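Since the structure comes first, as structure tokens, the remarks are kept for the end.
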Amino acid sequence: MVKMNHMKSGIFKIGSLLAAFLFVSFFGFAQDFAPWPVPDEASVVKNPVEANKTSLEAGKSLYTLQCKACHGETGRGDGLIKAASLVSENFQSQTDGAILWKLHQGRGQMPSFKALPDDQLWNVINYVRSLSKKPEDIIMKNAVVSLFFNEKAEQKELTAKVEQVNDNGEKLPAQGIKVNVGVQKYFGILPISSTSNYTSENGEINIVFPNNIIGDENGELTIIASVDDMEFNPARVSENISWGQINPKDYWSERRALWKNNDYIPLWLLISFTVGAISVWLVIMYVALLVRKIKIEGDKSGLSD
Amino acid sequence: MVKMNHMKSGIFKIGSLLAAFLFVSFFGFAQDFAPWPVPDEASVVKNPVEANKTSLEAGKSLYTLQCKACHGETGRGDGLIKAASLVSENFQSQTDGAILWKLHQGRGQMPSFKALPDDQLWNVINYVRSLSKKPEDIIMKNAVVSLFFNEKAEQKELTAKVEQVNDNGEKLPAQGIKVNVGVQKYFGILPISSTSNYTSENGEINIVFPNNIIGDENGELTIIASVDDMEFNPARVSENISWGQINPKDYWSERRALWKNNDYIPLWLLISFTVGAISVWLVIMYVALLVRKIKIEGDKSGLSD
Amino acid sequence: MSATPNSTSESGNKTYEQIREDLIRPLHNNSFWNQVWIRFLIIVIVLGAVAYGHQLIKGLGLTAMRDYSAWGMYISNFVFWVAVSLIGSLISAILKLLTQNWANPISRISEMIALGAITMAGASIVIDMGRPDRVLNIPLHGRIQSPIVWDFFVVNTYLVISAILLYLPLIPDIAILRDRMTKAPKWQRKIYEVLSIGWQGTQEQWRLLKKSIRIMIILILPVAFSIHTVTSWLFAVTLRTGWHSTIFGPYFVAGAFVAGSAAVVIAMYVFRKRLKLQDYLTDHHFNMMNKLVVLTLLIYLYFNINEYLVPGYSWKRLDGDHLQELLMGHEAPLFWMTQILGMVLPIILLLFKPMRKPLPSMVIALFVLIGAWIKRFLIVIPTQFHPQFPIQNVPEHFTHYIPTYTEIAVSLATLAGALLIITMLVRVFPVVPIWEEAHDRGIHKIFKAEK
Amino acid sequence: MSATPNSTSESGNKTYEQIREDLIRPLHNNSFWNQVWIRFLIIVIVLGAVAYGHQLIKGLGLTAMRDYSAWGMYISNFVFWVAVSLIGSLISAILKLLTQNWANPISRISEMIALGAITMAGASIVIDMGRPDRVLNIPLHGRIQSPIVWDFFVVNTYLVISAILLYLPLIPDIAILRDRMTKAPKWQRKIYEVLSIGWQGTQEQWRLLKKSIRIMIILILPVAFSIHTVTSWLFAVTLRTGWHSTIFGPYFVAGAFVAGSAAVVIAMYVFRKRLKLQDYLTDHHFNMMNKLVVLTLLIYLYFNINEYLVPGYSWKRLDGDHLQELLMGHEAPLFWMTQILGMVLPIILLLFKPMRKPLPSMVIALFVLIGAWIKRFLIVIPTQFHPQFPIQNVPEHFTHYIPTYTEIAVSLATLAGALLIITMLVRVFPVVPIWEEAHDRGIHKIFKAEK
């Protein structure tokens with residue numbers, strides 16, 4: 001019985017180990033949303049950076065790089081993994097200092113950002129604060145963006161012009177506005193403007209268009225320009241132009257039927273698969289029939305015994 | 001015996017067929033250099049195109065495309081396959097009309113060029129005539145070429161300048177000279193100038209430098225500009241500049257020892273190969289020893305019999 | 001390997017009754033240890049089920065699968081189970097067609113392992129789905145061009161064929177059990193009654209049975225090759241570095257025979273010890289079976305050399321990145337451990353006859369089997385960290401894969417599941433075929449009316 | 001395939017003397033037809049030698065090899081001969097180790113074919129060299145990293161091993177010939193005298209001989225696999241589309257067994273007819289040998305599916321270009337002809353027993369063998385017309401490859417050379433092993449002192 005008791009305790013050990021594994025696993029998950037107390041001395045730290053446009057823009061770009069993936073574009077915690085909402089009452093009620101402390105610490109899936117200079121983190125905090133402001137709190141200006149194409153002998157140039165629209169419908173060139181220009185590709189927009197493209201005093205940015213972008217079979221491309229400025233409502237324009245390299249319509253890649261839906265299924269494949277599948281199952285059924293015969297034979301023989 | 005005769009004749013048939021094959025094969029080869037008579041009415045045709053610079057240049061580029069591979073750069077018949085020399089007495093003694101006729105006809109490995117317009121063929125004939133002129137027949141001018149680099153915010157520009165050097169050492173800008181500009185790559189020069197780059201009146205050509213050329217680990221490139229004009233002696237300049245994309249020194253591709261010489265042989269390969277090879281031959285020798293033992297055993301046993 | 005035509009061994013000559021009782025005896029054995037083992041397996045399965053339930057509710061976020069490694073431990077388990085399941089066809093079909101009669105007493109063990117493994121292969125795929133309720137969409141709306149559809153078809157077909165191939169040679173044995181196991185619980189006697197389908201051993205019944213078995217061992221071969229080749233194509237037809245390899249089909253099949261053979265050696269050892277079958281699973285069987293392990297390992301080694309040397313010689317950029325990680329970088333310790341402890345060393349050791357005895361060969365087989373699992377992990381996971389298009393804006397911890405407790409718990413449950421299936425089969429059916437064993441020993445008594 | 005343990009057949013029981021005389025008789029036969037055949041082969045060889053001499057003087061410009069197809073017919077011949085030569089190891093080593101005794105009477109035929117083929121494989125490589133006098137630079141200055149060096153080593157090693165493996169089982173037979181062929185020409189008697197190395201058939205001699213044979217049939221296996229795997233790597237380790245394929249090693253080995261088995265069936269048919277060996281190369285042997293052909297064809301079909309489906313599914317640009325040419329374009333007629341007439345149709349036909357009779361199976365084997373040659377041509381040549389870097393400034397006729405008369409004449413001479421080697425071997429040595437045949441029929445008379 002000693003042996004048995006020993007054994008039983010062994011089982012219980014393994015069992016409880018497994019249970020502990022699972023518990024830790026679940027708890028480890030739940031933990032992310034457990035309270036996260038901040039020391040008082042950290043909470044009282046004041047944010048030295050003014051939430052001006054520069055700070056907000058810098059904060060936004062850092063947020064996009066480091067935070068967006070988990071916390072989501074609008075900070076609602078709806079990124080790739082489940083993360084805390086940054087627009088919740090709960091979050092926004094903290095002091096800036098408390099947020100900075102958390103950024104320094106990190107916890108669970110949230111990494112520590114101690115390596116980044118504090119002023120950059122303050123920018124992010126300013127930006128995160130701005131996320132919770134309701135849209136109606138801010139008066140957004142309106143703008144229109146337009147595209148001009150200019151083809152010289154050896155070089156293609158593209159001009160994007162941003163004009164601010166006044167309340168009375170007047171258009172005036174808007175200076176210092178960031179404009180993103182890109183080419184529509186299969187999986188998104190390929191940027192062709194640099195990240196620091198701000199409009200000049202006449203509201204324009206000029207971009208030398210690269211020669212190596214592949215278009216459709218006519219070399220046609222869709223160019224998209226959009227205003228990326230916190231004080232303006234989103235504005236965007238898209239134009240088509242044949243500035244791309246010609247992508248010859250390739251019969252075989254068009255017909256790469258194996259990658260397409262069932263309407264394009266190659267006959268040889270349909271036949272091989274169907275014939276193969278049916279014959280295997282016909283043989284199985286034939287064997288089932290043989291087994292049935294064995295049973296019938298047994299019943300007969302059993303009777304005659 | 002009828003059967004035997006029949007058989008014999010069969011063997012002879014197959015044999016003579018094979019012999020004929022071989023004969024045709026050898027003769028077909030020799031034929032290329034056999035006389036190639038031209039009808040009189042073809043020989044008397046006059047060349048209507050003057051052998052001026054335009055004609056010679058057009059002729060040269062067509063020659064490079066269609067003739068050079070076999071007849072060689074200088075027409076000595078030393079191209080990829082053995083072909084007739086175009087600078088020989090024998091060849092040059094023909095009339096232009098006779099050459100045109102041969103270009104039209106083609107023979108053996110020499111294809112017919114009937115598909116090309118006659119005036120282009122005349123250009124080639126003019127050029128081929130020029131090949132046999134001894135260098136001292138032509139007075140070549142001297143030129144120097146120099147390179148200037150100009151880097152704007154977003155764009156790199158390169159200027160190649162050609163100056164003609166007079167007998168008294170003066171340099172004057174040379175207009176209308178073709179300049180080839182390229183980047184030195186592993187297997188040759190990658191052209192970055194278009195084929196129709198002729199210098200402007202100040203002796204310059206300007207080239208927008210492409211951004212996508214890969215340099216060495218510092219992005220350094222060697223730019224080569226050369227004068228390509230029939231009236232000038234060859235002139236060439238090469239300069240280094242860090243305009244290329246950086247090609248990070250890749251430890252593993254540097255060390256791709258399998259592609260290198262025996263000094264770089266990886267130890268594991270040396271050991272596997274040597275050990276494998278030696279052990280196989282040791283086993284073979286062991287079996288040879290066993291066979292020797294069989295012989296010794298046989299001799300013994302044979303004696304005792 | 002060379003075979004001795006007759007598998008009689010040191011056990012001497014036994015009568016039919018002795019053989020029958022020897023092989024039936026384990027079915028009466030409902031020992032404490034057996035109970036403990038079964039309950040342990042059930043606990044593991046229940047814990048895994050809880051973890052799976054949690055995953056079902058919370059989603060695959062509970063696993064470590066992310067943008068890079070969209071396939072994780074579950075898929076490498078799937079490949080592993082498919083691999084192990086192939087052993088049924090190797091031993092029951094290939095060796096039988098090659099008239100290697102020494103393998104007859106082992107054939108049922110291999111079929112039981114095959115059935116347990118292929119069931120868990122199917123389970124692993126469903127476990128890997130975020131929405132398992134949509135599994136029927138595969139046959140209903142699947143693209144026939146997709147290897148997933150082929151795989152769905154062959155896995156299910158192989159499951160059915162494995163079950164039939166286990167069942168058919170069991171019929172005469174079940175009839176014996178029906179007649180002999182009169183003291184067994186009612187449910188068990190009912191099973192025997194139904195499954196023996198009125199077997200009387202008449203000449204006609206034998207003819208029909210032998211014909212059925214013959215058909216099935218031929219049919220299982222193309223299906224077995226298909227199942228693992230198609231499984232390999234799930235990887236190989238993508239353009240991904242490390243997967244897009246023409247050799248993958250035969251490479252996977254060769255690896256499967258290694259994993260399955262090792263599993264059989266382990267099972268043989270356990271059954272021999274626990275069920276006291278020393279007279280039926282003799283040293284000779286271990287000797288021959290381990291020669292088979294060496295043979296499969298040598299073939300697998302040959303395929304490994306081809307799989308790594310060809311891209312390794314050319315060292316294309318992405319191939320090079322992948323191979324550097326695998327052969328010299330982050331994955332190298334695990335990789336070389338697997339290759340050496342799971343392949344090279346077993347080959348060398350098993351060339352010596354003493355190593356082919358039960359205990360040492362079982363230990364070696366354990367290394368081979370664990371190596372086989374790690375190898376599949378290495379084929380599935382690290383490959384995904386060298387995508388042809390960069391993946392952007394992901395947190396740093398997406399760039400490596402460490403299975404979560406949920407995945408580990410669920411995976412352990414599939415292992416326990418397979419073991420439970422095998423255990424229950426061994427509880428109810430004799431692990432060595434009674435009639436075949438008697439027949440191989442020259443006893444034809446039970447073949448009532450056989451010619 | 002399944003084997004019957006004993007290969008005695010419809011010929012009934014013969015005495016040892018009958019067997020000996022039956023198998024020696026062909027050696028006396030110096031018929032008119034035989035003379036014609038030998039002279040015909042010599043004429044073809046002389047013509048080929050003239051063509052080769054011409055090539056030697058004029059250079060490889062006489063061949064159709066140019067910038068694109070830098071490898072031509074000579075290299076595809078080389079691959080073909082290497083492939084055929086592997087049959088020696090399959091029949092003499094693999095089948096023997098698998099105790100498939102039915103193959104014993106065929107083993108010497110397969111070894112003779114192997115020797116003829118491997119000699120011509122070596123010759124083909126030298127023929128392909130523009131400066132054959134520099135062949136010794138390979139072992140002297142070769143880069144050990146280069147598969148060419150490995151190939152040089154294994155081809156020569158395999159040549160030696162093939163010769164030894166042909167010679168060893170011949171020793172007892174040569175001793176018989178030494179004693180019986182007293183009326184043979186002097187040179188022939190001298191050969192027997194020397195090569196029989198004083199064989200007396202003592203127990204010790206038998207022990208040593210059997211040990212030697214056993215060692216050699218194990219040694220030949222890794223060397224045989226190496227030779228064709230390394231030959232495949234000559235292609236596979238380059239980055240060329242259509243060659244850079246991890247499966248190439250086993251794919252070539254599988255194809256080799258197909259080509260060799262077909263060659264054996266043809267040789268069996270010819271020897272049976274010409275040497276009147278109906279009692280020794282029976283319908284049973286044809287039946288079994290053709291089952292082997294089907295098995296090798298099925299394995300080869302499996303590798304073919306993997307080799308074409310994996311890149312065909314992904315259809316990368318250059319793969320696509322190559323496969324389009326091969327499957328649907330310029331090479332498609334030849335490709336599908338080869339695949340269907342040389343693989344699929346033979347598989348289907350040989351499943352029916354009447355097709356495995358001597359005459360029909362010989363015709364099928366001819367198709368298989370010709371298909372095997374064309375397949376190698378298709379692997380070597382068309383692939384080269386899709387280079388990764390464009391080739392510039394070449395005449396239009398460089399962009400396709402049609403062998404010149406020189407190449408055809410030289411290639412025919414290598415074929416004649418292999419046939420001449422086999423013919424001369426058959427002239428001097430018995431094609432079916434006398435002592436093994438007697439032994440298999442239960443006659444132990446000649447094993448003087450064997451236990």
Side-chain angles (χ1 to χ4, degrees), chain A residues 4 7-8 10-11 14-15 18-26 28-29 64-66 68-70 79-82 109-111 187 257-262 264-266 269-270 273-274 276-277 280-281 283-284 286-302 304-305, chain C residues 32-33 36 39-40 43-44 47-48 50-51 54 58-59 61-62 66-67 141-146 149-150 153-154 157 160-161 164 167-168 171 175 196-202 204-205 208-209 211-212 215-216 218-219 222-223 226 237 389 393-398 404-406 408-409 412:
Chain A
M4 185 180 153
M7 184 61 213
K8 267 196 178 156
I11 296 171
I14 296 170
L18 272 167
F21 270 12
L22 294 171
F23 183 72
V24 168
S25 152
F26 302 161
F29 181 78
T64 306
L65 217 58
Q66 297 287 354
K68 180 179 145 182
C70 301
L80 292 169
I81 62 167
K82 190 122 186 72
Q109 304 226 60
M110 162 95 177
F187 287 113
L258 286 173
W259 285 103
K260 300 203 167 178
N261 65 32
N262 272 335
Y264 290 85
I265 186 166
L269 181 68
L270 186 66
F273 182 76
T274 322
V280 168
W281 279 94
V283 175
I284 292 176
Y286 176 66
V287 170
L289 216 72
L290 289 181
V291 172
R292 207 181 112 85
K293 269 195 190 165
I294 293 177
K295 187 167 168 52
I296 292 168
E297 184 69 22
D299 292 349
K300 250 196 316 192
S301 161
S304 69
D305 260 6
Chain C
F32 169 71
W33 283 94
V36 165
R39 268 157 222 197
F40 167 70
I43 290 171
V44 176
L47 288 172
V50 171
H54 205 114
K58 293 275 182 179
L62 279 188
R66 293 292 180 268
D67 294 40
H141 306 295
R143 295 168 49 250
I144 299 178
Q145 297 98 308
S146 166
V149 172
W150 313 342
F153 172 77
V154 285
T157 305
V160 171
I161 293 180
I164 295 176
Y167 172 62
L168 288 179
I171 294 176
S196 64
I197 53 165
W199 178 264
Q200 304 287 339
T202 67
E204 177 64 9
Q205 282 187 322
L208 290 168
L209 184 66
K211 187 175 171 189
S212 304
I215 292 172
M216 290 313 286
I218 289 168
L219 182 67
V223 178
S226 297
V237 298
F389 282 101
N393 293 331
V394 290
E396 192 278 333
H397 71 273
F398 279 29
T404 61
Y405 291 124
T406 309
I408 293 169
L412 286 175

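To find a chain, count down the sequence lines: A is the first, B the second, and so on, and within it residues start at 1. Keep in mind that the numbers below use all heavy atoms, side chains included, and drop hydrogens, waters and symmetry copies. As the structure is a prediction and not an experimental result, all values here were calculated from the model.
Heavy-atom pairs under 4.5 Å with chain A were tallied for C:Ile215, C:Ile161, C:Leu219; the largest tally goes to C:Leu219. Residue with the most contacts toward chain C among A:Leu289, A:Val291, A:Val280: A:Val280 (heavy-atom pairs, distance under 4.5 Å).
For chain A, no part of C:Val154 is nearby; none of its heavy atoms comes within less than 4.5 Å. Using a 4.5 Å cut-off between heavy atoms, C:Ile164 contacts chain A through its side chain alone, with no backbone atom that close.
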- Task: Carefully, step by step, assess A:Val283 and C:Ile218 under the rule side chain to side chain contact (heavy atoms under 4.5 Å, CB included).
- Result: CA-CA 11 Å; A:Val283 175; C:Ile218 289 168; over 6 Å; no
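Residues C:Leu412 and C:Val44 approach most closely at O-CG1, 3.7 Å, considering heavy atoms.
Without hydrogens or angle criteria, C:Gln205 side chain to A:Glu297 main chain gives no donor-acceptor distance under 3.5 Å. The closest donor-acceptor contact from the side chain of C:Arg66 to the backbone of C:Gly61 lies under 3.5 Å.
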